[in-house]
Number of protein chains: 2
Amino acid sequence: MRKKRETPAEGSPVTGPALLDHAVCFAVYSAGLAFNRVYKPILDRFGLTYPQYLVMIALWQAEGQTVSELGEHLFLESNTLTPLLKRLETAGFVTRRRDKADERQVRISLTAKGRKVLEEASCVPQQIFEAAGMPVEKLAALRGTLADLRDNLRAAAAEKA
Amino acid sequence: MRKKRETPAEGSPVTGPALLDHAVCFAVYSAGLAFNRVYKPILDRFGLTYPQYLVMIALWQAEGQTVSELGEHLFLESNTLTPLLKRLETAGFVTRRRDKADERQVRISLTAKGRKVLEEASCVPQQIFEAAGMPVEKLAALRGTLADLRDNLRAAAAEKA
DNA sequence: GAAATATAAATCGCGCGCGATTTAATCGCA
DNA sequence: TGCGATTAAATCGCGCGCGATTTATATTTC
């Protein structure tokens, strides 16, 4: 008996096909917790949290993004990003400066120190990959399904608003 | 062009098969955010957060669990659960009392009010299922893969400690 | 049975996420 | 040109997650 039951018992307030959905949602939730537990001690050595690491990688891909553009890539908003970016700035990993042409916007760039720490952390994903212990094809399928699911959920949330 | 790119550009510090893992981790992370955005406004009407909702369902399945037992089911620990349970107690949804036989342990039970709100919330999973917009078989497979992934990650984290 | 050890829960500090609001800059339009 | 509407970021409050520590109870060992 390696596995715990993942589905509620009979007589539960959760029944039918929705029951499965509850389990899927919980599976996403608990997998996220598990990822974080693996990531945290590794990223700690570089002085980064996982969301900070995501921001740094997004900046590596495209320098000088605005807060909103970063948010579109990471599905976050300024209420989360602004304090996070200030911490990255304090740590010396990024710079924040108002756009000259439109002073409402703030453009974020990696510093040399930021690029350096990203290079030092380039071994991190490999360690996570080993911890995941899954064949590449399965991971690829998983990524695709999760992206579809996310897009569906976001679309549903948006149309209710 | 419906989709954004999910893989880092060339020259990125994330390369090789690990790149895929990074993408999977981000997919789990962003799907979790998306789930939360759908869940939150729905659960708000019942005065519950998603972790609180999970705790309530776990208690429906087995009354009188200790804090540790709840933690094993939900992959959480007392540092997260204790304050959460106190909030549920304040809301009148659960009771917390020391085990007579072993006073180190605290046993949690649903109140009548707690069971009532769970029944009222029985429509919630169906709404999430609709928002997910995926066939049941695909969700079932996804759940299984994510559970395996989570177990692998937890095993890897445990053996490092 | 007293001291050392182990265990369960609680406490503390910090960084997210995010709904809601505020502040500041730009745009639209007469 | 002026002034209301829009947009971008920042701010605020609250509830997680979690590493680390503390407190209280139980168990082990001598």
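Chain letters run A, B, ... following the sequence lines, proteins first, then strands; residues in each count from 1.
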Please report the closest heavy-atom contact between [X] and [Y], naming both atoms and the distance.
| X | Y | answer |
| --- | --- | --- |
| Leu74(B) | Tyr29(A) | O-CE2, 4.4 Å |
| Leu85(A) | Val94(A) | O-CG2, 3.9 Å |
| Ala131(A) | Ala156(B) | CB-CB, 3.6 Å |
| Phe46(A) | Ala121(A) | CZ-CA, 3.7 Å |

- State whether Glu119(B) and Arg115(B) are salt-bridged, where the test is any N-O pair (Lys NZ or Arg NE/NH1/NH2 against Asp/Glu carboxylate O) under 4.0 Å. no
- Distance-only donor-acceptor check, side chains Gln65(A) and His73(A), under 3.5 Å: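 Indeed, the side chains of Gln65(A) and His73(A) share at least one donor-acceptor pair under 3.5 Å.
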Distance, rounded to the nearest Å, where [X] contributes [atom1] and [N] contributes [atom2]:
| X | N | atom1 | atom2 | value |
| --- | --- | --- | --- | --- |
| Lys40(A) | dG15(C) | NZ | P | 10 Å |
| Glu72(A) | dA8(D) | CD | P | 9 Å |
| Lys100(B) | dT25(D) | NZ | P | 12 Å |
| Asp44(B) | dA20(C) | CG | P | 8 Å |
| Leu43(B) | dG17(C) | CG | C1' | 16 Å |
| Glu69(A) | dA9(D) | CD | C1' | 13 Å |
| Glu103(B) | dT7(C) | CD | C1' | 15 Å |
| Phe26(B) | dG17(C) | CZ | P | 11 Å |

- Query: If each of Pro83(A) and Ala101(A) is mapped to the nucleotide of DNA chain C with the nearest heavy atom, which maps nearer the 5' terminus, i.e. the 5' end?
  - Reply: Pro83(A)
Among the nucleotides [options], which one has an atom lying closest to any side-chain atom of [X]?
| X | options | result |
| --- | --- | --- |
| Arg104(A) | dA24(C), dG17(C), dA26(D) | dA24(C) |
| Leu76(A) | dC16(D), dG17(C), dG17(D) | dG17(C) |
| Arg37(A) | dC16(C), dA10(D), dG19(D) | dG19(D) |
| Val106(A) | dC16(D), dC16(C), dA9(D) | dA9(D) |

Once you apply a heavy-atom cut-off of 4.0 Å, does [X] come out as touching a base, just sugar-phosphate, or nothing?
| X | result |
| --- | --- |
| Glu77(A) | nothing |
| Thr80(B) | base |
| Leu81(B) | nothing |
| Ser78(A) | base |
| Arg107(B) | nothing |
| Ala34(A) | nothing |
| Asn79(A) | base |

Below 4.0 Å: OP1/OP2 of [N] and any side-chain N or O of [X]:
| X | N | answer |
| --- | --- | --- |
| Arg98(B) | dA9(C) | no |
| Arg96(A) | dA9(D) | no |
| Lys86(A) | dA10(D) | no |
| Tyr29(B) | dC16(C) | no |
| Gln105(B) | dA26(D) | no |
| Thr49(B) | dC16(D) | yes |

- Mark yes or no for a side-chain to base donor-acceptor pair under 3.5 Å between Thr82(A) and dA9(D), with no hydrogen or angle criteria applied.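 Check fails, no donor-acceptor contact within cut-off.
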- Message: Are there over 12 heavy-atom neighbours, none belonging to Arg97(B), within less than 6.0 Å of that residue's CZ?
- Response: no
